[in-house]
Structures are given as C-alpha cells and as structure tokens.
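Taking it in order: structure first as structure tokens, then the write-up.
Here the structure is a predicted model, which means the values were calculated and not measured.
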Amino acid sequence: MPNDYVAIPITPQDARDSVHDDDLVGQNTPLISSTASQSTHVGITVHGDSTYTYSYGPPGLSGLWHNHYAFLCAIFASIGGLSFGYDQGVIANVLVMKDFMRRWPVTPLQKGALTAILELGALIGTLASGILADKYSRRHSIFVACVIFNIGALFQCFATNLPHLFIGRAVGGIGVGALSMLSPLYISEISPPEVRGSLIALEQFSIVLGVVVGFWIGFFTRHISGSLSWRLPLGIQTIPGVLLALGAIFLLPASPRLLVLKGKYDEAERSLVKLRGRDDELTKIEMLEMRVEATLISQVDGMPPKHSTGEFAVWGRLLTKKYRGRTFIGVLIMVFQQWSGINALLYYGPTLVRSIGLQGDTVGLLVSGGIGIVQFLAVGPAVLYIDRLGRKPLLRGGSAVMTLAHLTIALLVQLFQDDWPEHAMAAWVAVAGIYTFTFAYGVSFGPIGWVLPSEVFPLSMRARGVALATASNWINNFFIGLITPVIMEASAAGTFLTFATACFIAYLWATYGVPETAGVALEDMDRVFGSDAGREDVARRRVVEEELGLHEFLTDLRNRRSN
C-alpha cells in the first residue's frame, strides 16, 4: 500500500463523486464499489490502494430527510439560538416603548450599555462552557446554560429598577453565550459529513426565527398599558429555555465523539447507531475513524485525552503552529460576521431607519422588523445549499453584495440626509439596500459564521476552539452594541461606510484565507489545513489505523464485494 494514504477526500466534488448505492436499505445490501458514481449517494467506496469514501445520503434537502433523526436532534438543539435571537429582536422594541422610556429615560450611551451588557455576560458564558463541555458533557452543559438563561430572563421580566435590568441581562447573557457555543458544537458532533453544514446552519435559522418572533411580539405588545407592554415579551423568552433544558436531559442523545474521547466506546457506538438509524458497515467505519482521531490526539499530546496540563496551557495550544490556522479561521469569521453591521441593524433598527429619512415609530418599526423577515427568508436557501455549493463561494458572494449595499446606503445618506422629505424615493432605495444587505448576510456570513468554527478544530480542541471563536463573536458584538448609538449620532453615513469597509476586507479574507470544508469529515479536517502533510504524521495515522483494524475492515469489505 502506498505511503501517502489518504483517508477521505477533501473537496465537496470528490465526496459526491465517490459515494454510491442509493437503494441501500440494510446490512445485507452490498456497500463496496470499485467505481465511483455521481448519480448515487449512499454507501462506501474502497479503492485499490485502500483509500475510501462513504456517505449516509445526499446533501441538501433530501439528505436532511435521509438523516431524519439527526435532523430532528439538530432542530431541537438549535433552540439555544432561538433564545439568542429572541433577545436581539425584542430589545429593539423594548428600548422605545413608552412605559419603559417613562420609567427609565436612558442616554444613548446607557442604551448601548444596556444592549452590550448581555454580550459581556455572553463572553463569560462562552469561555466557561468550553471547559464544562469537555469535563462533563455537551447535553448537561446545555441544561445548566438554560437554567442560567431563565434566571436572567426572570430578572428582566420582574425588574423594578434599572440595575435589576442590567443584572438580568448580564446573567441571561451568560446563558445565551453558553448556548451559542454549545448548540453548534453539539450539532457538529452528531452530524454526518454530507449534511453537517446544513445542520449547523440551523443555528442561524433558529437565531433569525427568534429575532422575527421577538420583534413582532414586542411590536404588538407595545401599546399595552403599563409595564406589561415590555414585561410580557421579556418573560416569554423563558419558554424556549425550559423546552431545551428538558430536551437536553430526556431527549437528546449523547455526542458519540465526546464519548469516544472519554474512552466510552460501547456508549458511543449505541449513540451513533441511534443517530444514524442503522447498524452496519457505515457506522463501523465512522466509529473506527473517531477512535483513530482520539488515539492520534493522545499520542501527539503525549498523554491520555482525559488528562489536563492546566487550563491556561490547554487554551494556549490554540495559538501554537499546529492549531493557529484553524483558530484564526474561527475568530475572524466571527469578527466579520459582527462588523458586517447586521446586529447594528437588529439592535437599533428604528434608529437606523430614521437616519435614512423615514419618520414615525410605526414606519420605523415595520421597516426594521422587515429586516428580520428578509434574513429569515435568506437562511432557508443557505441551509439547503451550503453543502452543495460550499462555504467559500457563499462567503465571497455574500461579502461582495454586502459591500455594495452599504456603499449605496452611505452615499444616499450623505447626499440627502438634510432634505429627506423632498427625496422619499431615495429613502426607500436605501431601505432596499438594507434588505439587500440582509439577504446577502443571511446566505453567507450569518450561517457560515456558526458552521466553520464547529468543524475545523480536532476533537480534543473542538470545545475550546469553538468557545474561543464564539467569544470573538460576543466581544465584537459587545463593541457594536456599545458604540453604534454614539457613531450614529456623529455620522449616519460614516456608520454605513465603516460597515462597507469591513465587508470588503471580509471579501479579501474569504477569497485568500478561507479553505473549503464542505463534505470533509471532522476526523479528516487535518488534511484541509496541512497538519498531517508531513511523512511522519501520515505514517503515525497509518499505524493507528492498522492497529485499530480499519485497514483490515476495509480489505474484508472489498474482498466480500469482489467475491
């Protein structure tokens, strides 16, 4: 066998070309083929040099249905994103409700701080959950995050003074931050490779759904007399928190990859079989890949995975040469996701809409509410096509359109901001620019911002890697929430020009700095980043695969097929 053995291909096209047996229904159906077929999607292909590919189904919508149990688990886990999105959507209305403003008239800086304090709490929750997720489990960490989130939500709902509201948002932010990290992490580890992008993108779908629901609930309660106008929408956010907490304990299966890392192979196999709805050669191959990855981690680190060298040392490994490229991908995707300007639109939609000349609270709220609806409509195509088209093309196209949209808005604001009543058409063109930007974001940086960090890190560093990337999200989110009211007062055109510049830099980064990860198994992500390009690392992987019986298993399958 050749020395440059490659476990599975690293491009989406290779993955599609190598799978087969669309009519596979059980263990007795032949799984091995000596040739690849582009028209089929299910099975294993073992080639003469022992390289192989496998797939549980096609990408896209049919692939989601084919992996229906993992799909349902991912939908339930993504409720964590719903909590995040709901807060984003509801706060835009709460901050301008008459009873709220009468009780606590806040300055622009206080308004920014009230919005941003949740991001600060989320940063703490994100980093803490990265430790808990590895030490205990993904599911139990999700449960704890839901409890913390609901405590914060109740503080906000029953606040009697402004400090209570700040405390509630800070505590709730800890839960939101933990869930924003744990949900995509868990989804990535239960997903088959051909639909992993689509399933993780459900996190963004859930966030946007929460934004839409939160905004319109606040919109319709704003005329209720007294404090119920804002207490009711703030209290409703406890409902998804309770549902996810119960589901994490009683419904969601354990992450098979984490169980393998902890050496619980029998439990891991039972969980994988339950998730895939089958117990055959495909699940055996995936289990062996997980064990190979865990063993390599143990050997490279020079210790069993369950041991620790201290938290600072573990986090510091993310910046070593071996992981630095992955860490930059995870951190920068979140930087550009936030500095694209999307959360500025969501948090301060009415303020931004007034800046382009539209007057009246109802008009402003309706237009900014439409932002959430457009984003919601955009995420659907992203979920369906992210694994077919790949991450990189969507990032490039999305950032290019976002740049042009922001530049258009900035130009219109600069030209007509002193005489909007005479240029109503220009104002609506600017609104169309906002909607265009929102749609482009919804099919690119919105969902992919959660996908890339959840798939590029190896098993031993995945929880902390995703935590660090999500922390980047919340740090930048914090600054966006804090400074947007201030820079809007200084220059509305300059605000949009700032976001346009960030989107253009994002285009350059997506073009030259982002590898394609669609269709690549989590256990083979090293190939994308060149971590195992050296002969010594390749030889080590080959020895481990032989020791664990992967090559013997593949040879037996090929021989059975040939006979």
Side-chain angles (χ1 to χ4, degrees), residues 4 6-18 51 53 55 59 184-185 187-189 191-201 204 289 293 296 317-337 340 382 385-400 443-462 464-466 468-470 472-473 503-534 537-538 541:
D4 57 349
V6 180
I8 55 179
I10 63 172
T11 65
Q13 186 62 45
D14 288 341
R16 290 195 296 270
D17 290 349
S18 300
T51 62
T53 58
S55 176
L185 172 67
I187 293 171
S188 73
E189 293 188 346
S191 302
E194 68 273 7
V195 292
R196 187 179 60 244
S198 294
L199 292 181
I200 302 176
Q204 180 66 15
E289 284 187 338
E293 178 72 6
L296 283 171
R317 288 169 57 197
L318 289 170
L319 298 178
T320 61
K321 182 179 180 180
K322 183 175 182 180
Y323 302 110
R324 193 179 301 141
R326 307 168 192 243
T327 301
F328 286 162
I329 292 292
V331 169
L332 289 177
I333 187 71
M334 293 301 193
V335 169
F336 292 123
Q337 188 193 67
S340 69
Y385 295 106
I386 190 172
D387 287 305
R388 290 184 181 274
L389 299 178
R391 289 47 159 160
K392 194 179 182 80
L394 290 177
L395 288 175
R396 295 183 64 198
S399 55
V443 299
S444 59
F445 278 82
I448 299 175
W450 301 104
V451 172
L452 279 180
S454 299
E455 62 184 6
V456 298
F457 293 99
L459 185 58
S460 66
M461 300 302 295
R462 189 169 298 137
R464 288 172 174 80
V466 173
L468 185 62
T470 311
S472 170
N473 177 291
C503 290
F504 177 69
I505 296 173
Y507 172 81
L508 298 177
W509 175 74
T511 301
Y512 301 108
V514 179
E516 183 57 73
T517 59
V520 183
L522 293 179
E523 286 70 33
D524 204 44
M525 203 60 67
D526 280 350
R527 292 277 300 153
V528 177
F529 291 90
S531 298
D532 284 342
D537 287 337
V538 173
R541 171 178 284 274

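With hydrogens and angles disregarded, a donor-acceptor distance shorter than 3.5 Å links the side chain of Ser472 to the backbone of Val331. In this structure, the side chain of Ser188 engages the main chain of Ser454 through a donor-acceptor pair within 3.5 Å. In this structure, the side chain of Arg196 does not engage the main chain of Ser191 through any donor-acceptor pair within 3.5 Å.
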For residues 390-398, tabulate all N or O donor-acceptor pairs below 3.5 Å that involve a side-chain atom, not counting sequence neighbours.
{"from": "Arg391", "atom 1": "NE", "to": "Glu455", "atom 2": "OE2", "distance (Å)": "3.1"}
{"from": "Arg391", "atom 1": "NE", "to": "Thr517", "atom 2": "OG1", "distance (Å)": "3.4"}
{"from": "Arg391", "atom 1": "NH1", "to": "Ile386", "atom 2": "O", "distance (Å)": "3.3"}
{"from": "Arg391", "atom 1": "NH1", "to": "Asp387", "atom 2": "OD1", "distance (Å)": "2.9"}
{"from": "Arg391", "atom 1": "NH2", "to": "Glu455", "atom 2": "OE1", "distance (Å)": "2.9"}
{"from": "Arg391", "atom 1": "NH2", "to": "Glu455", "atom 2": "OE2", "distance (Å)": "3.4"}
{"from": "Lys392", "atom 1": "NZ", "to": "Ala510", "atom 2": "O", "distance (Å)": "2.9"}
{"from": "Lys392", "atom 1": "NZ", "to": "Thr511", "atom 2": "O", "distance (Å)": "3.1"}
{"from": "Lys392", "atom 1": "NZ", "to": "Val514", "atom 2": "O", "distance (Å)": "2.6"}
{"from": "Arg396", "atom 1": "NE", "to": "Thr511", "atom 2": "OG1", "distance (Å)": "3.0"}
{"from": "Arg396", "atom 1": "NH2", "to": "Tyr507", "atom 2": "OH", "distance (Å)": "3.2"}

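Under the 4.5 Å side-chain criterion, counting only non-hydrogen atoms from C-beta, Trp450 is not in contact with Ile187. A heavy-atom distance below 4.5 Å is not found between the side chains of Arg317 and Arg464.
Counting all heavy atoms, side chain and backbone alike, Arg324 lies closest to Lys321 at NH2-N, 3.4 Å. Arg462 and Leu185 get closest at one heavy-atom pair: CG-CD1, 3.4 Å. In plain terms, the two heavy atoms of Gly449 and Gln337 that are nearest each other are CA-NE2, 3.7 Å. Considering all non-hydrogen atoms of both residues, Ala382 and Val443 come closest at CB-CA, 3.8 Å. Ile448 and Ile333 make their closest contact through O-CG1, 4.1 Å (heavy atoms, listed as atom of the first residue, atom of the second, distance).
The ring-ring contact (aromatic ring centres under 6.0 Å, His included) test applied to Phe504 returns no partner, not counting sequence neighbours. With sequence neighbours excluded, the residues that form a side-chain contact (heavy atoms from CB on, under 4.5 Å) with Ile505 are Phe336, Thr501.
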